[in-house]
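To start, the structure itself, in structure tokens.
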Amino acid sequence: MKIVNLTEEGTRNLLENMLKRSPSQYGDYENKVKDILQNVQTRGDEAVFEYTKAFDHVELNESSVRVTPEEIQEACRLVDQKLLAVIRKALINIRSYHEKQKRNSWFDSSEKGTLLGQKITPLATAGVYVPGGKAAYPSSVLMNVVPAKVAGVKKIIMTTPCGKDGKVNPVVLAAASEAGVDEIYKIGGAQAIAAMAYGTASIPKVDKIVGPGNIYVALAKKAVYGHVSIDSIAGPSEILVLADETANPRYVAADLLSQAEHDELACAILITTSQTLAEKVSKEVEQFVQTLSRREIIEKSLDQFGRILVADCVEQAVEAANEIASEHLEIVMKDPFEIMTKIRNAGAIFIGEYSSEPLGDYFAGPNHILPTNGTAKFFSPLSVDDFVKKSSVIYYSREALEEIHQDIIHFAQAEGLTAHANSIQVRFEEDK
């Protein structure tokens, strides 16, 4: 991995220049996505099936696009039973964590005759996108579906690409069955996002689309926002490790590679205050890469977006981490809990040498659908809140309104909105 000394100027321009992770890099794909969306919106199923044939090399129709109960049962039989047991354990952890996020409606009344509150209502339908292609992601099924179920969403549909044989990966189907998905469709890519956003004869329109995907999926979600809600625009995966001389270089190297294997565009960064650690981690990375199954993907990822940044001090390292605002942040330092308090921007924070990133991907419980490309500065992980909507509740008795009605009239007149003022005034005109 490339070792670079971190400078003050370099810290300010990490995302744009050194790491080239700005979302502005995505513009080249937008026209292709726009064409797909317009075509599906206009021609519905016909366009969806055409794109599925062109991109996934499988012919689908109205009768074969939806996964049948028999296909799900077959998938559950094919899946290794030990793996199925692990999925069920992970489900317990994920559900338990997300149940703590659930909030209730609240109302606050006063003796003056007022009642204010907030009514929380689950979304009626949610669409979950689960990527396929380079790998199977049953973990993404669990992470997307569980918070929706905990929130009380009535209907959850899932889309995921199928193979040339027209079958969906059995582990993905088993995970969907365990998590409680209601309907599953064998389509992927931008055409799947379009189908869920606009609805077709075969695929229902949803209220919200969640889940990660490739650049076409990310841009399609961005484009349909407004027709439906979305979680966020997910970019390629990222990991940032903050480490000092106390860190185990072999552990650090292994954790960096755990994300680099996702995609050629994935980003793996180590920020350290130790030149010695930087050199040891680089050597460990080289050795690991020789033995890993996704070597070609890892090498491309590290060449483009892998960096070891050597900082002068802990403060500079933390400043750089906050500027990068990584999806996953590991802290492997002398006092990791103290450092954690100084982190403002990160999707998920992993503390200590035994809290490796894959623990969060699969099992611990917190959601692994996280903000990328620096958006952890203003976005949060997927949660139960993403699957509910909030309505304000306002009640005033005549007596309560009378006490403050002149204040409202004064405010409305100051804005030149006489109809607003009149709406209040007419309720007390008989008093004159």
Side-chain angles (χ1 to χ4, degrees), residues 29 31-80 127-141 144-145 156-179 181-206 209-221 223-224 234 262-264 294 296-297:
Y29 300 88
N31 287 334
K32 294 177 183 176
V33 169
K34 183 179 178 181
D35 288 343
I36 293 172
L37 297 180
Q38 288 180 341
N39 208 4
V40 172
Q41 187 175 22
T42 304
R43 298 173 54 231
D45 278 347
E46 186 180 5
V48 170
F49 300 148
E50 285 179 4
Y51 286 122
T52 301
K53 183 177 180 180
F55 299 146
D56 297 330
H57 311 292
V58 60
E59 289 201 35
L60 297 175
N61 54 44
E62 295 84 350
S63 61
S64 61
V65 67
R66 181 173 171 178
V67 175
T68 65
E70 291 75 23
E71 288 175 301
I72 294 172
Q73 290 168 9
E74 180 189 16
C76 291
R77 287 195 299 271
L78 291 172
V79 171
D80 176 72
V128 171
Y129 184 87
V130 178
K134 294 177 182 175
Y137 296 103
S139 58
S140 276
V141 177
N144 280 287
V145 175
I156 301 172
I157 78 161
M158 186 178 103
T159 62
T160 189
C162 64
K164 294 179 182 179
D165 59 357
K167 294 186 176 182
V168 174
N169 183 284
V171 182
V172 169
L173 286 185
S177 176
E178 292 291 329
V181 176
D182 296 298
E183 299 174 11
I184 306 170
Y185 296 90
K186 306 174 184 179
I187 55 169
Q191 63 271 25
I193 302 301
M196 289 191 285
Y198 306 128
T200 72
S202 299
I203 302 158
K205 183 184 187 305
V206 301
I209 299 173
V210 300
N214 63 18
I215 184 64
Y216 294 99
V217 169
L219 288 175
K221 286 171 65 179
V224 300
H262 267 299
D263 192 286
E264 291 89 345
R294 295 167 71 84
E296 187 176 345
I297 291 172

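Keep in mind the model is a prediction, meaning the values are calculated, not measured.
- Closest approach of M158 and V181 over heavy atoms only: CB-CG1, 3.8 Å.
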Donor-acceptor pairs are to be reported for all side-chain atoms of residues 189-203 against protein atoms at under 3.5 Å, with residues two or more places apart or in another chain.
residue: Q191; atom: NE2; partner: G188; partner atom: O; Å: 3.0
residue: T200; atom: OG1; partner: D45; partner atom: OD1; Å: 2.6
residue: T200; atom: OG1; partner: S202; partner atom: N; Å: 3.2
residue: T200; atom: OG1; partner: I203; partner atom: N; Å: 3.0
residue: S202; atom: OG; partner: D45; partner atom: OD2; Å: 2.6

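- The backbone N or O of S140 lies less than 3.5 Å from a partner atom in the side chain of N144, making a donor-acceptor pair.
- Atoms CG and CD1, on D182 and I184 in that order, are 9.5 Å from each other to the nearest 0.5 Å.
- For E50, the side-chain contact (heavy atoms from CB on, under 4.5 Å) partners two or more places apart in sequence, or in a different chain, are R43, E46.
- Applying the salt bridge (charged side-chain N to carboxylate O under 4.0 Å, His left out) test to pairs two or more places apart or on separate chains, those with a residue in residues 184-193 are E71-K186.
- From I187, atom CD1 reaches atom OH of Y51 across 13.0 Å, with rounding to the nearest 0.5 Å.
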- Message: Checking I36 against N39 for the side-chain contact (heavy atoms from CB on, under 4.5 Å) test, could you report, in this order, the C-alpha distance in whole Å, the side-chain angles of both residues, the deciding distance, and whether it holds?
- Response: CA-CA 5 Å; I36 293 172; N39 208 4; 5.8 Å; no
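- Rounded to the nearest 0.5 Å, atoms CD (E296) and CD (E264) are 7.5 Å apart.
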Pair up each side-chain donor or acceptor in residues 165-179 with any protein partner under 3.5 Å, not counting sequence neighbours, and list the distances.
residue: D165; atom: OD1; partner: K167; partner atom: N; Å: 3.0
residue: N169; atom: OD1; partner: V171; partner atom: N; Å: 2.9
residue: N169; atom: OD1; partner: V172; partner atom: N; Å: 3.3
residue: E178; atom: OE1; partner: R88; partner atom: NE; Å: 3.2
residue: E178; atom: OE2; partner: R88; partner atom: NE; Å: 3.2
residue: E178; atom: OE2; partner: R88; partner atom: NH2; Å: 3.0

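- Identified under the salt bridge (charged side-chain N to carboxylate O under 4.0 Å, His left out) test for residues 190-204, with sequence neighbours left out: none.
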Residues 58-65 side chain polar contacts: donor-acceptor under 3.5 Å, at least two apart:
residue: E59; atom: OE2; partner: K53; partner atom: NZ; Å: 3.3
residue: N61; atom: OD1; partner: S63; partner atom: N; Å: 2.9
residue: N61; atom: OD1; partner: S63; partner atom: OG; Å: 2.6
residue: N61; atom: OD1; partner: S64; partner atom: N; Å: 3.0
residue: N61; atom: OD1; partner: S64; partner atom: OG; Å: 3.2
residue: S64; atom: OG; partner: N61; partner atom: N; Å: 3.0

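- How far CD1 of I209 is from CD1 of I157: 8.0 Å, rounded to the nearest 0.5 Å.
- Here CD1 of I215 is found 6.5 Å from OH of Y29. Values are rounded to the nearest 0.5 Å.
- Between P161 and Y129, the closest side-chain pair of non-hydrogen atoms falls below 4.5 Å.
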